[in-house]
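The block underneath contains the structure these notes are about, expressed in structure tokens.
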Amino acid sequence: MTSPTHSPLPRPGGPAPDKLAFTVPSGRRRVTPVRVGREFRRDRLLPQLIRKAVLDDEGQQCVQVRLSAKDAANPAARALLDTEAGTALRLNQVLGDTEYATLFPRIVGYELDTAEPFLLYDPPRGTAVARIHVMSATDQEVFTRDLMLALCLLEGQGLVPRGVSPATVFWDGAKVQLWGLESVTRTGRPRRPWGRSPFCPPEQRRGESLADSRDAVWSAAQVLYQLVTGRPGPADRPPADLGEHRKLDQTLRDAFAPRAADRPTPAQVLDLVAPGAARRVRLAVPPDETRPHHEAFEEALRLKRQAPAARPRNGSTSGSGSGSGSGSGSADDEVLCPYCLETMRLDLSKLFVTDSRMQYQPLDVKGIKNPVRRTDVMRGAVQKCTADPEFPAHYIPVPYLTYGRPLTVAMVGQSSTGKSHLLAQMIAAITDGGLEPFGLKWQSVNPEQHARFVRDRVQPLRNGKVLDHTAALGMDDFARFVESLLITDARGQVRPVAFFDLGGEDLVRTDAALRFLLGVDALIFVVDPALALPLPQLDHARERWGVEVNRDGDLAFGTVLDRLPKSGGYLDVPAAMVLGKADLLRFQPPVDGWLSRPPATSLDPALMREESRDLYGLLRRHAGQAWLRPFDAIRQCTLHIASATGGQEDHGRYPAGAGPRRVLEPLLALLAMHGLIEVPGGADALAVGEAPALEAVPWEEATDAGRTGGAGKPQRFKSSSERSFESSDGPEEPDGSEGGELQ
């Protein structure tokens, strides 16, 4: 980053300053007059612009980093600014007022969901080392210590700065300050080319393997070499004259290794320069407060594993993929009508098609002799269901009746939780080929219905328009599915999948409008963070929408769960809970880590349980157990983090268009639980996990001498933590407490 010291500010007394509205790190909104100086590009290869600014309500000097409207239209440019903001906010939260906070730029505020997003920082401290020709030996030691301290702190947060260079490292004669936070990636993510030689490590330049904290050690070593010698080092090997510079050679010789695996970690280099400093850094970071909530999640899964297996529903075993509905059916198969819940079968005498005025007209297919044309006409036809003469007239697409038992999915949540946006983006992801990596193919059940859904819901949202609220049902109306697809699995078996999306006011009714839930096969509960989480960064959203935190949970969740048939300790219908609008919390751990992941191309049960555990911990810690009622009530229930839009609206539109993130994962989990996608360990293990060896053995069966007490009574197996405590002289130290390694 280039220091903006040469950029003049308008003098007071000139034109009235502009108003600037932004969010401060605490979550509070601030509106202030602002005067800004001339702007310039921070790096000619990057889109960010930079200029000096004075916030006139307090006379506070700062630096604004922003995107022009043209650059902000590029999702990649916005992603860079998001990365920078997320890193700065996380460091501000973790380091607070500690002595280490000055190692990084201090963020003053941010406004990202707007046509010209920006960040505000305190001015850089010192001078970019690109302007320093040679550094004294005494300063080199302090400089190395501070730079490795910064890298250690980032490593402890699982972050790797890819842009460490003379342009991003500042020095004021006493202390380092590391900028270039837009370059940060997460440890273990695929490497992408970034930076300039020789400061970019060889593997990063080639985009090979996974990001490692030792990547930044190479970059730091190259910065030190240039400061010591006044010239850049070689781009792919140790400098030939390294031995001539004793201090540099002693501390950083291995840092120039071409492979990250052969380099020291930041903590190891730091302890060479300042013994014990890495341990002090680790102790300065706040302790992990999620552990008790994660332990509660594991206990909840253990209880679910011990509960009886799910019973068959609607003629099929949940998660097995077998039964009457797992493969292509015939005209003689009975199907549960998703509306009246009576069984019906294909009847060629009750078929209809819609005319140009969208009125139903009888269809006689007996006169259509061409089998190809007959099949095409049948695909667009509907059948009138007469199974319940007391139920209002309703029609079912013919393909829904000819492929065995359908799978119905209901979206659940209060009004304005984002259910419709999430469903629209799920369908959009499917039409974009999102199911193909999982061996699935799709086709519309009814082409006309699908085209209408895409035209009215998917396309406007993709173009950045905010969708209207779902219309409420009339008092005598009934729930209808809004979209349906034919999903073909890897074995060639076809399953109709239909989606219900009711307004929040309908989901809290207790009359016949919710009768369809008695036959539903899967549920997606959408959690609105503004309603659930009393976090200060959500206060502005609550103020805009006129809502308050509800500590009693989503009323629609409770109504739906109470309406479902129950047998045994848990409900048997598979479900997914989704933290919707997660972009509101895209800088809040653990949301930041999951939301920045690329879309899944395979289902890893262990990874899915990790996401479920993290979201469970977030909700349990901040929202309370009421918001976890679906997870507690349903045996097979996964938890997911998703955003249908990628950002918040601005005057009825999404400034950069609606950029969905991780919207398909909840549906993929449900398809796996219904057997359409095969996963290691089986569909049941996807949601409740696989039992450890000891847990899998019923304690009543423990009859041998090794598992009984002196009186022949079964002993309770001790947990690993109990055994560790009893075998030591006292309590164990927390994991990673030894050896000065920063965890």
Side-chain angles (χ1 to χ4, degrees), residues 310 313-314 316 318 325 335-341 394 396 400 405-415 417-427 430 445 449 453 457 469-473 477-485 487 495-528 553-566 571-578 580 629-631 633-640 642 644 663-664 666-671 673-674 676 687:
R313 303 183 73 253
N314 301 337
S316 177
S318 173
V335 169
L336 191 72
C337 173
Y339 302 142
C340 69
L341 301 184
H394 53 291
I396 308 299
Y400 195 88
R405 186 178 71 84
L407 190 159
T408 53
V409 181
M411 311 291 293
V412 182
Q414 290 180 214
S415 295
T417 55
K419 302 187 305 295
S420 297
H421 289 77
L422 180 61
L423 177 57
Q425 294 290 29
M426 282 182 180
I427 301 303
I430 290 173
V445 167
Q449 179 196 49
F453 185 85
R457 311 298 286 177
H469 295 310
T470 305
L473 298 175
D477 205 352
F478 60 93
R480 297 175 174 84
F481 54 76
V482 296
E483 173 65 308
S484 54
L485 304 173
I487 304 295
R495 190 91 177 264
V497 180
F499 299 89
F500 285 88
D501 180 25
L502 273 68
E505 58 270 34
D506 291 318
L507 287 169
V508 297
R509 289 167 59 169
T510 56
D511 57 16
L514 295 191
R515 185 175 297 160
F516 80 99
L517 289 171
L518 302 178
V520 79
D521 299 290
L523 296 161
I524 297 178
F525 295 89
V526 182
V527 176
D528 187 338
D554 190 313
L555 184 58
F557 290 6
T559 305
V560 169
L561 291 170
D562 290 341
R563 195 67 179 267
L564 292 171
K566 188 174 184 180
L571 295 169
D572 291 337
V573 55
M577 287 186 67
V578 184
R629 188 179 171 192
F631 178 84
I634 297 172
R635 183 173 181 273
Q636 288 185 310
C637 183
T638 54
L639 292 88
H640 307 266
V663 295
L664 201 52
L667 180 60
L668 293 171
L670 294 177
L671 295 179
M673 284 186 261
H674 275 279
L676 277 75

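In this structure the side chain of Pro630 never reaches within 4.5 angstrom of the side chain of Val560, judged on heavy atoms. Side-chain contact between Phe525 and Cys637 is absent, with no heavy-atom pair separated by less than 4.5 Å. Using a 4.5 Å cut-off on side-chain heavy atoms (C-beta onward), Gln414 and Asp528 make no contact. Between Phe481 and Thr408, the closest side-chain pair of non-hydrogen atoms is not below 4.5 Å. The side-chain heavy atoms of His674 and Val497, taken from C-beta on, include no pair separated by under 4.5 Å.
In this structure, Lys419 and Leu502 approach most closely via the heavy-atom pair CE-O, 3.2 Å. For the residue pair Pro406 and Asp521, the shortest heavy atom distance occurs at O-OD2, 3.3 Å. The two atoms that bring Leu507 and Met411 nearest to each other are CD1-O, 3.7 Å, heavy atoms only. Nearest heavy atom pair, residue Ala479 against residue Tyr339, reads O-CD2, 3.1 Å. Nearest heavy atom pair, residue Leu517 against residue Leu564, reads O-CD2, 3.3 Å. Taking each heavy atom of Ala575 and Met673 in turn, the nearest pair found is O-CE, 3.5 Å.
Separation of atoms CD (Glu483) and CZ (Arg457) is listed at 12.0 Å; rounding is to 0.5 Å. Interatomic distance, Arg563 CZ to Thr559 OG1, rounded to the nearest 0.5 Å: 9.5 Å. Put simply, CD on Gln425 and CD1 on Ile430 are 11.5 Å apart, with the number rounded to the nearest 0.5 Å. Distance NE2/His640 to CD1/Ile524: 8.5 Å, rounded to 0.5 Å. Atom OG of Ser420 sits about 13.0 Å away from atom CZ of Phe499, to the nearest 0.5 Å. The distance from the CG atom of Leu523 to the CG atom of Leu571 is 8.5 Å, given to the nearest 0.5 Å.
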Take Asp554 and Val527 through the test side-chain contact (heavy atoms from CB on, under 4.5 Å) and record every step on the way to the result. CA-CA 8 Å; Asp554 190 313; Val527 176; over 6 Å; no
What verdict does the side-chain contact (heavy atoms from CB on, under 4.5 Å) test give for Leu485 and Ile427, after you've listed the backbone C-alpha separation in whole Å, the side-chain angles of each residue and the deciding distance to 0.1 Å? CA-CA 9 Å; Leu485 304 173; Ile427 301 303; 4.1 Å; yes
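Ring geometry for His394 versus Phe478: interplanar angle over 60°, hence perpendicular rather than tilted (30 to 60°).
With hydrogens and angles disregarded, a donor-acceptor distance shorter than 3.5 Å links the side chain of Arg495 to the backbone of Arg405. The main-chain N or O of Ala576 is never found under 3.5 Å from a side-chain atom of Thr638 such that the two would form a donor-acceptor pair. Side-chain N or O atoms of Glu505 include none that pairs as donor or acceptor with a backbone N or O of Ser415 at under 3.5 Å.
Judged as a salt bridge (charged side-chain N to carboxylate O under 4.0 Å, His left out), and not counting sequence neighbours, the contacts of Arg480 are Asp477.
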